[in-house]
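Chain letters run A, B, ... following the sequence lines, proteins first and then strands; every chain starts at 1.
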2 protein chains.
Amino acid sequence: METLRERKKQRTREALLRVAIELFTTRGYERTTVDDIADAVGVSQRTFFRYFAGKEDAALALDAMTVSNFVDSVRARPPHEPPLEALRLAVLEGWDTLHEVVESVVPVERFLGMYRVIESTPVLLAAHLRRSAEAEEVLTRVLAEREGLDPATDPRPRLLVAVFSGVMRVTERQWSTDGEFSLEAMRALTVSHLELLGPALTGKWSPYTKT
Amino acid sequence: METLRERKKQRTREALLRVAIELFTTRGYERTTVDDIADAVGVSQRTFFRYFAGKEDAALALDAMTVSNFVDSVRARPPHEPPLEALRLAVLEGWDTLHEVVESVVPVERFLGMYRVIESTPVLLAAHLRRSAEAEEVLTRVLAEREGLDPATDPRPRLLVAVFSGVMRVTERQWSTDGEFSLEAMRALTVSHLELLGPALTGKWSPYTKT
DNA sequence: TTGTCAATTGTCAGCGGCTGTCACTAGCCT
DNA sequence: AGGCTAGTGACAGCCGCTGACAATTGACAA
């Protein structure tokens, strides 16, 4: 049981986030001012900045939730799995549990909408990529510990994570630009791209047939 | 022979860029205002924005030069080379020819300094990553054409480029945080990391010994 | 309950990045 | 020399964001 103050804070934050996402996905990110959001919620602009580090922060809040959900999944993978396999299964697990993670704030639909906004807004995409880079750092440490390696001296965990993230980045991007914009589609793309990882590296590219 | 107007424009732009880099590397990016730069050059703030799309743009101008130099190198690789090998050799070529590309504006030393600024300034790092993503798109098209593939339907060129870029990103980062901050060190790191690409993916990580 | 303390908020002022506008200056060209 | 145009400066203004301070509101004990 929480205090009234905490509940109020929670409600304000969620209201701000919900309105922000609503406006970003309808009007667009750049065409939405912080004042718009604050006014729609009925708080001062200053209050918005007390809940979010910046406009970006609100736009990427959902993304941050899914990322930390994914990282948690990686941590929870059984230690006997090879690292790449653990990442692969964790990311699929992440998609499967996305509802529970996101739905507490907005319907999954809105999440997908925000994804398109992020991909199509340069400044948001940039911020998203930087956060992904930070996540890579965390994943590197997790994997290194799993395997008993020191990430400061052994570059291999970091390299693996970078390669994996590169594939996921391609997947994200194709997903957001494709017409098929569902979680199932994302899942299928993930599987397909990771299967292509090995063959794509050889450079002996046999004719490609869609699966 | 160019007209006087064009020479003047060129000089103004270079002056702005030089001063910007000077201030960014000494005072730091955030602690340098556009007014500082404009005043130091002796032009109005408005003029700065006529030469650069933003403060970021000036900070990443050198980086943009090296990127396009690298892309050109890839285009010039003999077509019989496997894609990954073409990328590998092109990036090494890029480091070797960096002097000629950059020295026309500032000494290579300053370039290295700006690199550290970029890596340590969140907003710059974000912008840098986004530009890298754009470069990946270009490289994808170049490689796809080399191999006679259609990047719209065949994800393999894009995947290869993403993997390669991931490795280079790790290399950049380690380079910028290592003490050894020379082009030779960067070259060595590049070679070493690309050699580790295959072994790092297997996940059967034998004890690591530095080369 | 009531009074005190701490947390939350609103208001105001201000900085810095960035843009539109418009008049003015300086190079170009005949 | 004089008209044309590219480039510049000056000004006003929007927006993101921050610090400071006062006002309000919930928490908690007397």
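- Of the residues in residues 35-48 of chain B, those with a non-hydrogen atom less than 4.0 angstrom from any atom of DNA chain D are Gly42(B), Val43(B), Ser44(B), Arg46(B), Thr47(B).
- Residue order along DNA chain D, read from the 5' end via each residue's closest nucleotide, puts Arg5(B) first among Arg5(B) and Thr32(A).
- The side chain to side chain contact (heavy atoms under 4.5 Å, CB included) test with Phe52(A) is passed by exactly one of Thr47(A), Ile37(A), Asp57(A), Val34(A): Asp57(A).
- A donor and an acceptor atom never sit less than 3.5 Å apart when one is taken from the side chain of Arg7(A) and the other from the base of dG26(D).
- In terms of polar N and O atoms assigned as donor or acceptor, the side chain of Arg31(B) never comes within less than 3.5 Å of the base of dG16(C) in a complementary pairing.
- Only at 4.0 angstrom or more do the heavy atoms of residues 56-63 of chain B sit from any atom of DNA chain D, so none qualifies.
- Phosphate contact (OP1/OP2 of dG26(D), side-chain N/O of Lys8(A), threshold under 4.0 Å): present.
- Phe52(A) places its CZ atom 15 Å from the P atom of dT8(C), with the value rounded to the nearest Å.
- Residues Leu98(A) and Trp95(A) meet the side-chain proximity criterion, which asks for heavy atoms closer than 4.5 Å.
- Taking each heavy atom of Asp63(A) and Tyr115(A) in turn, the nearest pair found is OD1-CE1, 4.2 Å.
- For the salt bridge (charged side-chain N to carboxylate O under 4.0 Å, His left out) criterion with Glu93(A), the lone passing option out of Arg187(A), Arg88(A), Arg77(A) is Arg77(A).
- An OP1 or OP2 oxygen of dG16(C) is reached within less than 4.0 angstrom by no side-chain nitrogen or oxygen of Lys55(B).
- Between Pro155(A) and Gln174(B), the closest heavy-atom pair is CB-OE1, 4.4 Å.
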Atom pairs and distances, donor-acceptor, side-chain atoms in residues 120-127 of chain A, under 3.5 Å, two or more places apart:
unit_1    : atom_1 : unit_2    : atom_2 : d
Ser120(A) : OG     : Arg116(A) : O      : 2.8
Ser120(A) : OG     : Val117(A) : O      : 3.3
Thr121(A) : OG1    : Val117(A) : O      : 2.7

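- Counting only N and O atoms by type, the side chains of Thr33(B) and Asp36(B) include a donor and acceptor under 3.5 Å apart.
- Tyr51(B) comes within contact range of the sugar-phosphate backbone alone, with a heavy-atom separation under 4.0 Å but no base atom that close.
- Comparing atom distances between the Arg50(B) side chain and each of dT8(C), dC22(C), dT18(D) picks out dC22(C) as nearest.
- Test Val138(A), Val74(A), Leu84(A), Leu143(A) against Val161(A) for side chain to side chain contact (heavy atoms under 4.5 Å, CB included) and you get one pass: Leu143(A).
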